[in-house]
Amino acid sequence: MLVYPSGVEVSSSALRFLAQQSRRHRRAIGSRWRRLSAGRQALLTLAHLRMGHTYAQLAAGFDIGTTTAYRYVTEAVELLAALAPGLADVVRTASAKAYLILDGTLLPIDRIAADRPFYSGKHKRHGMNVQVIADPFGRLLWASPALPGAVHDIRAAREHGIVDALTEADIPCWADKAYRGAGGTVRTPCWGRWEALSAGQQAVNRSHAKIRALVEQAVATLKSWRLLRKLRCSTTRITSLVQAILILHLTSSE
């Protein structure tokens, strides 16, 4: 395999943060020697998450074995995922904001047609459902654990306790028609065909769409990490990957 110099579009603060976490972990477990330093392990992990490079490609570039590359990445992802904020923490922090925006996104996975629980009828493909919460400026605040793609957005929001948490904190939340009937403080557009709506309802829906559209920035932020554009790993690892990317984003944004 040929090797060439390349770049990773990630801030140096994310690299320093991950390297620091790796050093702490190595001291905690008494690890004396590794093929890669903590800084190189952090760079290896960022290359995998941001660029979506395979373990074979990473192994060739960092001059290590494929198994070692997998082990290093898995270790770093687990360290990051453990630091990701919970829903209660996000809601408590966001209580001072005017409102929040909620949306669901599908992370594509490589599954065959027989894997029905992972098939999203809305998107016509296999994937994992992840709920995203953004602030009024469209900045990513939280991403939920991943559920099979067949799970509808409103069901996912209820299973994660999003609706109850927002209602208890009395935080208005803007969402699309997929959350119709959620209740609480979740606000959805007026239901019905556009031509059947009154002038007032159409005006409300236009205003609602302008506010809710900003959540697409948060979704785009999450999917700017190319690994999430086509996941080829076990579905049991996807939640950890999403949480790791979330904490890296939040760390870089501070």
Side-chain angles (χ1 to χ4, degrees), residues 8-26 28-29 31 34 36-55 57-59 61-62 64 66-90 93 104-110 127-134 139-148 156 160 217-254:
V8 182
E9 298 174 351
V10 181
S11 69
S12 57
S13 61
L15 177 64
R16 290 194 298 268
F17 175 78
L18 181 51
Q20 183 181 35
Q21 297 301 317
S22 296
R23 293 189 191 96
R24 289 178 179 174
H25 177 69
R26 293 183 182 193
I29 65 176
S31 180
R34 297 278 188 100
L36 297 181
S37 66
R40 295 285 286 173
Q41 180 183 2
L43 182 59
L44 172 82
T45 304
L46 292 177
H48 177 64
L49 297 177
R50 187 70 174 189
M51 308 306 295
H53 293 324
T54 65
Y55 296 118
Q57 291 172 320
L58 295 171
F62 285 82
I64 57 177
T66 303
T67 302
T68 303
Y70 172 82
R71 182 160 42 84
Y72 278 174
V73 170
T74 301
E75 180 184 71
V77 166
E78 290 177 352
L79 289 175
L80 291 171
L83 300 174
L87 177 61
D89 298 327
V90 172
T93 303
T105 186
L106 188 80
L107 303 181
I109 60 174
D110 58 342
M128 299 293 285
N129 181 304
V130 172
Q131 298 295 297
V132 173
I133 293 180
R139 292 176 297 208
L140 177 64
L141 297 179
W142 183 75
S144 74
L147 293 175
H160 295 310
Q217 297 181 19
V219 174
T221 296
L222 195 64
K223 292 188 176 181
S224 65
W225 298 79
R226 296 180 186 175
L227 184 69
L228 299 184
R229 299 180 187 177
K230 184 66 173 181
L231 289 157
R232 295 177 174 84
C233 62
S234 168
T235 54
T236 59
R237 296 188 58 229
I238 294 177
T239 292
S240 295
L241 291 170
V242 172
Q243 299 300 314
I245 288 173
L246 173 64
I247 194 64
L248 285 172
H249 167 70
L250 296 177
T251 301
S252 302
S253 301
E254 292 179 352

Distance from [X] atom [atom1] to [Y] atom [atom2], nearest 0.5 Å?
X    : Y    : atom1 : atom2 : answer
T66  : L58  : OG1   : CG    : 9.0 Å
T74  : L79  : OG1   : CG    : 11.0 Å
L36  : F62  : CG    : CZ    : 7.0 Å
L227 : I238 : CG    : CD1   : 9.0 Å
L80  : L246 : CG    : CG    : 10.5 Å
E78  : R237 : CD    : CZ    : 8.0 Å

Is there side-chain contact between [X] and [Y], with at least one heavy-atom pair below 4.5 Å?
X    : Y    : result
V242 : L107 : yes
T221 : R139 : no
Q41  : R26  : yes
T54  : R232 : no
L83  : Q21  : yes
W225 : L241 : no
V10  : L49  : no
R24  : Q20  : yes

| side chain to side chain contact (heavy atoms under 4.5 Å, CB included) involving L87 - partner list, sequence neighbours excluded | V91, I133, W142, I162, A165

Please check: side-chain N/O of [X] versus main-chain N/O of [Y], any donor-acceptor pairing under 3.5 Å?
X    : Y    : value
H48  : H53  : yes
Q131 : S144 : no
R50  : E9   : yes

[X] to [Y] - nearest heavy-atom pair and separation:
X    : Y    : value
L46  : A14  : CD1-C, 4.4 Å
S252 : S13  : CA-OG, 3.7 Å
L15  : G39  : CD1-O, 3.9 Å
P145 : Q243 : N-NE2, 4.0 Å
L44  : A69  : CD2-O, 4.0 Å
N129 : P148 : CB-O, 3.9 Å

| task | Evaluate the criterion side chain to side chain contact (heavy atoms under 4.5 Å, CB included) for residue pair L147 and H160; output intermediate values, then yes/no. | result | CA-CA 10 Å; L147 293 175; H160 295 310; 3.6 Å; yes

| query | Would you say the side chains of S37 and R23 form a donor-acceptor pair under 3.5 Å? | reply | no

